[in-house]
Amino acid sequence: MTKGRTVATAMIGATALLLSLMQAADAAQCGSSPAGFDAWKREFSEEARAKGIGQTAISALMQAHYASATIAADRGQRSFSLSLDQFLAKRGATTIVARGRSLKQSQAALFASIQQRYGVPPGPLIAIWGMETGFGSQRGNQNMLSSIATLAYDCRRPEFFTDQLYAALKLIDRGALSGATRGSMHGEVGQTQFMPKNILAYGTGNLDVAANALNSTANFLKAHGWRAGAGYQPGEPNFAAIEAWNAAGVYQKAIALMGRQIDEGGGASAAR
């Protein structure tokens, strides 16, 4: 390499570093307490407006509050460290399997339609539905936008939740969600608990409606490699799609196990 090219390369590298530092300086700064949240919201709103987010969503964001309960929940997710048997007991697997078998029969036409379209059998869908919200009975009562904005501001995982916040703001602009939408602690909404980015990518209608949520969940699984007719237990082809749904290993194994028990029928026991 010539000396001139070496100097030019160094100058390009320095310029890129300077631009990166300038962008970091311009970005709204994360925090670890409620004290800086209002200032962060103002900074983030300006960034969002510059990226095309409309006034309806900006106004909703400015009304968001610091969600202390969300922060506490985010720091205390202990159930994912349990053994599989402990996790199944804590989450009520026996009840989920028994109710799931009943729903598989009573809503057979719906599940047949979903399987024909996406290739996903009833078992894992019903297991996810039961695990996430107790079949729609526990969808959360936290303000969705406040939860996600708080986690985007918090310094623990700001990149992940900043993406979720932009998705939520887009959905508010479109009228699909609102600043008053309620959800779970991390901003999940609907019968099977979708985050905003997944609503944008895989959502099929109002996710508080069970049929829409189940179709959307099957759409997600198919998009993550689900193959019709293939197995979904650990080590089988479709287990990777379940892994994409939730990163916790104990959760993944629980869904696979309960799904198999629901699909195979038999007694109501959740024993393996």
If two hydrophobic side chains count as joined below 4.5 Å and joins carry through other members, does M185 share a cluster with L165?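 Looking at the clustering, L165 is in a separate group from M185.
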Answer yes or no: is there a donor N or O on one side and an acceptor on the other, between the side chain of [X] and the main chain of [Y], under 3.5 Å?
X: S146; Y: N143; value: no
X: Y232; Y: G259; value: yes
X: R75; Y: A72; value: no
X: T181; Y: L177; value: no
X: Q233; Y: A256; value: yes
X: N212; Y: G205; value: no
X: N246; Y: Y251; value: no
X: K170; Y: I53; value: no

Check: residues 193-203 side-chain donor-acceptor pairs under 3.5 Å, at least two apart:
from, atom 1, to, atom 2, distance (Å)
Q193, OE1, S184, OG, 2.3
Q193, NE2, G190, O, 2.8

If a pair satisfies ring pair (Phe, Tyr, Trp, His ring centres under 6.0 Å) and one of its residues is in residues 102-122, list it, with sequence neighbours excluded.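 Output for this query is empty, none listed.
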According to the ring pair (Phe, Tyr, Trp, His ring centres under 6.0 Å) rule, which pairs have a member within residues 160-184, sequence neighbours left out?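 Output for this query lists F44-Y166.
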Take atom [atom1] of [X] as the centre, draw a 6.0 Å sphere, and report whether it contains more than 12 heavy atoms from other residues, nucleotides or ligands.
X: R117; atom1: CZ; value: no
X: E236; atom1: CD; value: yes
X: Q116; atom1: CD; value: no
X: Q63; atom1: CD; value: no
X: R182; atom1: CZ; value: yes

So, D74 and H186: side-chain donor and acceptor under 3.5 Å apart, yes or no?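 Result is yes, a qualifying pair exists.
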Report yes or no: do W40 and Q29 form a side-chain donor-acceptor pair below 3.5 Å?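 Their side chains do not contain a donor-acceptor pair, so the 3.5 Å distance test is not met.
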Looking at [X] and [Y], what are the two nearest heavy atoms and their distance?
X: N238; Y: A230; answer: ND2-O, 2.9 Å
X: L110; Y: A211; answer: CD1-CB, 3.9 Å
X: P122; Y: K104; answer: CB-CG, 4.1 Å
X: L61; Y: S45; answer: CD2-OG, 3.5 Å

Can you tell me how far the [atom1] atom of [X] sits from the [atom2] atom of [Y], to the nearest 0.5 Å?
X: R156; Y: C30; atom1: CZ; atom2: SG; answer: 13.0 Å
X: E159; Y: D163; atom1: CD; atom2: CG; answer: 9.0 Å
X: L221; Y: L125; atom1: CG; atom2: CG; answer: 6.5 Å

Report the C-alpha distance between T70 and T150 in whole Å, list the side-chain angles of each, state the deciding distance to 0.1 Å, and finish with yes or no for side-chain hydrogen bond (donor to acceptor under 3.5 Å, both in side chains). CA-CA 8 Å; T70 286; T150 298; over 6 Å; no
Chi angles and distances behind the salt bridge (Lys or Arg N to Asp or Glu O under 4.0 Å) call for D263, R260: CA-CA 5 Å; D263 277 337; R260 182 179 68 196; over 6 Å; no
